Number of protein chains: 2
Amino acid sequence: MKKATIYDVAREAGVSLATVSRVINGSSVVREKTKEKVMKVIDELNFKPNQIARGLATNKTTTIAVIFPQSLFAHVKDMIGGIGDAGRTLDYNITIYTTDDIGNGPMDDVMEKVIRTRADGVILFNNDKITQQIELVKKHSIPAVVIGMQVSDDSLGSVYVDAQKITYDIVNNYLEKGKNDIIFVSPQQNLIRTVDLIEGMKKAYQDHQLPFDEATQVIDTSTHYEESYTQFVEHFRNHKHDLVFASYDKEGVAVVNAAIDNNISVPDDMEVMAMMDTSYSLICRPSLSTIHLPIYDMGALAVRLLTKILNQEELETKEVCVGYTNIYRKSTIQ
Amino acid sequence: MKKATIYDVAREAGVSLATVSRVINGSSVVREKTKEKVMKVIDELNFKPNQIARGLATNKTTTIAVIFPQSLFAHVKDMIGGIGDAGRTLDYNITIYTTDDIGNGPMDDVMEKVIRTRADGVILFNNDKITQQIELVKKHSIPAVVIGMQVSDDSLGSVYVDAQKITYDIVNNYLEKGKNDIIFVSPQQNLIRTVDLIEGMKKAYQDHQLPFDEATQVIDTSTHYEESYTQFVEHFRNHKHDLVFASYDKEGVAVVNAAIDNNISVPDDMEVMAMMDTSYSLICRPSLSTIHLPIYDMGALAVRLLTKILNQEELETKEVCVGYTNIYRKSTIQ
DNA sequence: TTGAAAGCGCTAACAA
DNA sequence: TTGTTAGCGCTTTCAA
């Protein structure tokens with residue numbers, strides 16, 4: 001049995017196409033009596049408007065494309081809940097596109113697909129290729145919002161956190177206590193811009209007239225627990241710091257475990273602080289002090305912001321900065 | 001500047017619509033010379049075929065809807081990588097829909113959206129409402145594959161793991177060693193059917209002519225670490241078992257940590273085994289023995305299977321059973 | 001308040 | 001090998 005179309009409804013209800021269209025789009029001009037009649041037929045025929053046809057007619061798809069590299073997956077997946085829920089509430093379809101790790105001209109290919117599908121807008125995430133991605137959406141003038149970094153551009157929105165402030169405050173706090181052996185560990189790919197995080201540290205050192213040596217105080221690591229753990233076991237064989245700040249809980253746990261295995265007591269001999277407040281930080285023993293970011297909300301906010309841009313709604317700002325909370329648990333002395 | 005349409009290309013290239021259409025769809029009948037000419041214009045005008053228009057004409061959207069309850073998010077998110085990558089390789093769009101936790105008539109609403117968007121097919125996950133969901137897709141005759149449970153139905157595909165065998169083998173092994181105080185812990189919502197997991201245990205007990213008491217040997221828990229941890233700290237105050245089998249690593253870690261806090265040594269006093277082989281099992285101390293399931297692959301396989309069904313390709317079976325590996329680490333005596 | 005009709009951008013017979 | 005033409009199912013003027 002074929003799906004009922006608007007024609008079928010019109011015929012059965014004895015009205016024109018236009019009237020049915022008005023009814024399903026909630027136009028106010030249609031008489032109550034007619035409306036009821038049409039609704040009844042819609043129900044009887046189990047008619048569901050074809051969004052594809054509508055899309056063709058209106059040149060809108062009510063679809064938002066979410067683009068992210070697989071390597072950022074750990075961060076993105078936690079946001080998908082918020083993105084999905086907001087999409088549902090606001091009646092937008094969310095379609096996801098992964099880049100890299102597979103295929104060849106990754107970003108171009110993906111953008112090509114997004115353009116073909118005529119998504120109304122896209123959501124991007126801070127990553128090492130973000131500049132190139134932003135170029136692309138601008139070139140094709142696709143409305144977009146990027147999560148994880150502030151971007152000041154008329155055509156783009158952004159949802160971000162004040163990364164510099166996060167590290168500045170923490171580092172400043174330790175320096176004030178005379179604890180100035182602080183290192184920063186992070187994988188290359190990160191939702192929160194590592195340059196900003198590092199910048200915040202630098203500033204704090206500067207304000208205390210202390211030297212900050214990026215070569216030794218910033219350590220790159222892997223996103224795979226086993227690799228980072230192994231790396232840190234080695235590192236802590238002959239290093240010990242006042243504070244290790246990790247940009248993601250998982251790496252924070254690797255630090256803690258590696259330290260413990262080198263008989264460095266956390267937090268007594270060395271303090272550890274991480275970011276994101278995921279389950280990892282709870283599971284860790286001692287439990288990890290961490291920065292809580294409103295991950296779910298950031299996803300939902302990005303969708304909300306994007307739809308506002310799409311609907312040309314008034315908005316005070318296209319750059320929305322979200323708050324965060326320092327959560328002190330057992331890996332720091334508080 | 002408006003986007004170029006197939007008309008623009010036809011006009012510029014001095015050919016008809018049909019020819020352009022043939023070129024972009026890779027039809028073999030078009031002369032090489034003409035093809036080149038058309039391609040050139042396509043490039044110049046930066047023409048991107050409108051998939052919406054194509055969808056209307058062909059009655060196909062090349063999109064797959066992935067539907068899952070938020071409560072199953074922890075499992076699903078790990079699969080999204082595989083689903084996304086497979087979608088990209090096979091040139092299908094993946095759109096995600098979350099159910100429950102928000103809104104009212106959850107599943108009906110979602111299905112309504114899926115129908116409106118005319119997704120070619122859907123991917124479902126085992127969860128406590130799966131029967132109802134299967135009913136719905138069948139009622140609307142939407143091609144579907146479900147992940148996490150075997151379903152024998154002509155119109156549906158499934159990608160699953162032999163859950164009964166997993167628990168049977170493990171439990172059987174312990175019973176043979178005379179260790180028969182075994183409990184099973186799991187949250188309500190699970191990707192792998194808990195009834196099957198429990199059934200496997202029962203069978204093993206049966207084969208050993210030993211009683212299995214579901215009331216005491218099966219423990220429900222929360223998906224939130226803090227809650228399950230608290231619950232287990234209480235439980236282990238006056239319980240100790242030969243083996244605790246948890247259906248997900250996170251709950252396994254909660255068991256381990258709660259046991260340790262009650263001075264129960266793992267694995268000497270009590271062994272713990274979990275499922276999924278996520279980072280949690282690595283982070284746990286002692287590291288968790290766990291069942292490795294090919295999560296990424298299951299996602300990719302589901303997409304592959306669904307597209308085969310959509311394209312009416314020949315397939316030996318619609319019920320694909322994937323393998324698994326027992327990974328023994330430090331939470332069990334091996 | 002309703003209807004007629006054109007058009008959205010493409011595909012797919014069918015004819016040439 | 002190419003072109004003509006009729007849809008696909010909806011929205012949206014414009015007129016009534």
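No hydrogens, no waters, no symmetry mates; every other heavy atom, side chains included, goes into these values. In what follows, chains are A, B, ... by sequence order, proteins preceding strands, each numbered from 1. As the structure is a prediction and not an experimental result, all values here were calculated from the model.
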Phosphate-side-chain proximity, [X] and [N], N/O vs OP1/OP2 below 4.0 Å:
| X | N | result |
| --- | --- | --- |
| Ser16(B) | dT2(D) | no |
| Ser21(B) | dC10(C) | no |
| Arg54(A) | dT11(D) | yes |
| Asn25(A) | dT11(D) | yes |
| Thr34(A) | dT1(C) | no |

Original post:
Does the dG3(D) base have a donor-acceptor partner in the side chain of Arg22(B) within less than 3.5 Å?
Top reply: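 Answer is yes: a donor-acceptor pair is held.
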Identify whether any heavy atom of [X] sits under 4.0 Å from a base atom; if not, whether one sits that close to sugar-phosphate; answer base, sugar-phosphate or nothing.
| X | result |
| --- | --- |
| Val15(A) | sugar-phosphate |
| Asn59(A) | nothing |
| Val30(A) | sugar-phosphate |

Original post:
Under a cut-off of 3.5 Å for both distances of each Watson-Crick or G-U pair, what dot-bracket string does DNA chain D give, using [ ] for crossing pairs and | for inter-strand pairs?
Top reply: ||||||||||||||||
Subject >> NZ/NE/NH1/NH2 to OD/OE distance under 4.0 Å, Lys40(B) and Glu36(B) >> reply: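 Answer for the salt bridge query: no.
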When you measure from the side chain of [X], which nucleotide among [options] comes out closest?
| X | options | result |
| --- | --- | --- |
| Ile24(B) | dT1(C), dT11(C), dC8(C) | dT11(C) |
| Ile6(A) | dG9(C), dT4(D), dT11(D) | dT11(D) |
| Pro49(A) | dC10(D), dG3(D), dC8(D) | dC10(D) |

